[in-house]
Amino acid sequence: MTRSILPGILAMAATVVASNILVQFLFGQWLTWGAFTYPVAFLITDVMNRAYGVAAARRVVVAGFVVGVLCSLIGTQIMGEFGPLVTWRIALGSGLAFLTAQLLDVSVFNSLRGGAWWRAPLASTLIGSSVDTAIFFTLAFSGALAFLEPANDVSWAGEVLPLLGLGPQVPLWVSLAVADWGVKLALAILALVPFRMITRRLIAGVA
């Protein structure tokens, strides 16, 4: 089993590493390049779940979590212009969001496994992505949780601005979360095409 899911583990590790690097680079005003690579993690989890089952999918998730923790620990030791590239709040939010959302994805997918082929990956990714975004941005940037890391000044994230530049007045981090969430939802739909193609091939190979 380990050898059969090794490509999934490697793909998950590569996705996590790439996202941790690309999150340092802005894409427009509300996003980073990491927002476009991170959702691939849900595709990988769902492919493993469909082809090899729940246990295999969870092993891939755990592998991704371990890699993510290592990336965060390394990031806390690298100093940027305004301090560490990764603060402890970001590390906590990132790790907890990934593990919770991915395991939820596995559970939802499994409960819908017997339905239409697209239902399980779409529903599990939409739910998992929403939970991921909510946990990460709240833990990492909400002013209400400043006590988690008092030395880390995240007051910039609490600046009140129009939502995405044109909606109601909200803290900046809420706009960042909404933009990130929108990308995840869009990619969840687009990912159905590679999901169908990859799982067909893998299942045919297992059979």
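For this chain, numbers begin at 1 and follow the sequence in order. Because the structure is predicted, anything quoted here is derived from the model rather than measured.
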Count I, L, V, M, F, W, Y as connected when their side-chain heavy atoms are under 4.5 Å apart, and connections chain through other members. Are [X] and [Y] then in the same cluster?
X	Y	value
V40	V61	yes
V69	I135	no
L99	L43	yes
M48	W118	yes
V60	V66	no

Considering all heavy atoms, the nearest [X]-[Y] contact:
X	Y	answer
F98	A41	CE1-CB, 4.3 Å
L187	A35	CD1-O, 4.2 Å
P121	L192	CG-CD2, 3.8 Å

**Request:** Output every pair passing ring pair (Phe, Tyr, Trp, His ring centres under 6.0 Å) with a member in residues 179-199, not counting sequence neighbours, ordered by first then second residue.
**Result:**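 Every candidate ring pair (Phe, Tyr, Trp, His ring centres under 6.0 Å) pair involving residues 179-199 fails, so no pair, neighbours aside, qualifies.
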Roughly how far, to the nearest 0.5 Å, is [atom2] of [Y] from [atom1] of [X]?
X	Y	atom1	atom2	value
N20	T15	CG	OG1	11.0 Å
Q24	S19	CD	OG	11.5 Å
L6	L10	CG	CG	4.5 Å
M197	L202	CE	CG	12.0 Å
L145	S142	CG	OG	4.5 Å
F42	I127	CZ	CD1	11.0 Å

**Asked** For I90, what residues pass the side chain to side chain contact (heavy atoms under 4.5 Å, CB included) criterion, not counting sequence neighbours?
**Response**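 I90 satisfies side chain to side chain contact (heavy atoms under 4.5 Å, CB included) with V86, T87, F136, A140, F141 once adjacent residues are dropped.
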**Item:** W173/F137 aromatic ring centres below 6.0 Å
**Value:**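 Ring-ring flag for W173/F137: false, centres at least 6.0 Å apart.
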Whether [X] side chain and [Y] backbone form a donor-acceptor pair below 3.5 Å:
X	Y	result
R50	R196	no
S94	A91	no
R89	L139	yes
S129	L126	no
D132	G128	no

**Message:** Once salt bridge (Lys or Arg N to Asp or Glu O under 4.0 Å) is applied, what residue pairs with a partner in residues 151-167 remain, sequence neighbours excluded?
**Reply:**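 Every pair satisfying salt bridge (Lys or Arg N to Asp or Glu O under 4.0 Å) with a residue in residues 151-167: there are none.
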Side chain to side chain, [X] and [Y], heavy atoms closer than 4.5 Å:
X	Y	result
F36	L31	yes
I5	R59	yes
V170	L161	no

**Message:** The criterion is side chain to side chain donor-acceptor pair (under 3.5 Å); which residues satisfy it with R113, sequence neighbours excluded?
**Reply:**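 By the side chain to side chain donor-acceptor pair (under 3.5 Å) rule, R113 matches N49, N110.
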**Request:** Show the numbers, then the answer: is there a side chain to side chain contact (heavy atoms under 4.5 Å, CB included) between W30 and V178?
**Result:** CA-CA 9 Å; W30 312 107; V178 170; over 6 Å; no
Which side-chain N or O atoms in residues 102-109 pair as donor and acceptor under 3.5 Å with protein atoms at least two apart or in another chain?
unit_1: Q102; atom_1: OE1; unit_2: T45; atom_2: OG1; d: 2.5
unit_1: D105; atom_1: OD2; unit_2: S124; atom_2: OG; d: 3.4
unit_1: D105; atom_1: OD2; unit_2: T125; atom_2: N; d: 3.4

**Item:** Whichever hydrophobic residues join V23 through chains of side-chain contacts under 4.5 Å
**Value:**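 Once heavy-atom contacts under 4.5 Å are chained together, V23 still belongs with nothing else.
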**Side-chain donor-acceptor pair present, Y38, D180, cut-off under 3.5 Å** = no
**Item:** Residue pair V154, N152: steps toward the side chain to side chain contact (heavy atoms under 4.5 Å, CB included) verdict
**Value:** CA-CA 6 Å; V154 293; N152 174 27; 3.4 Å; yes
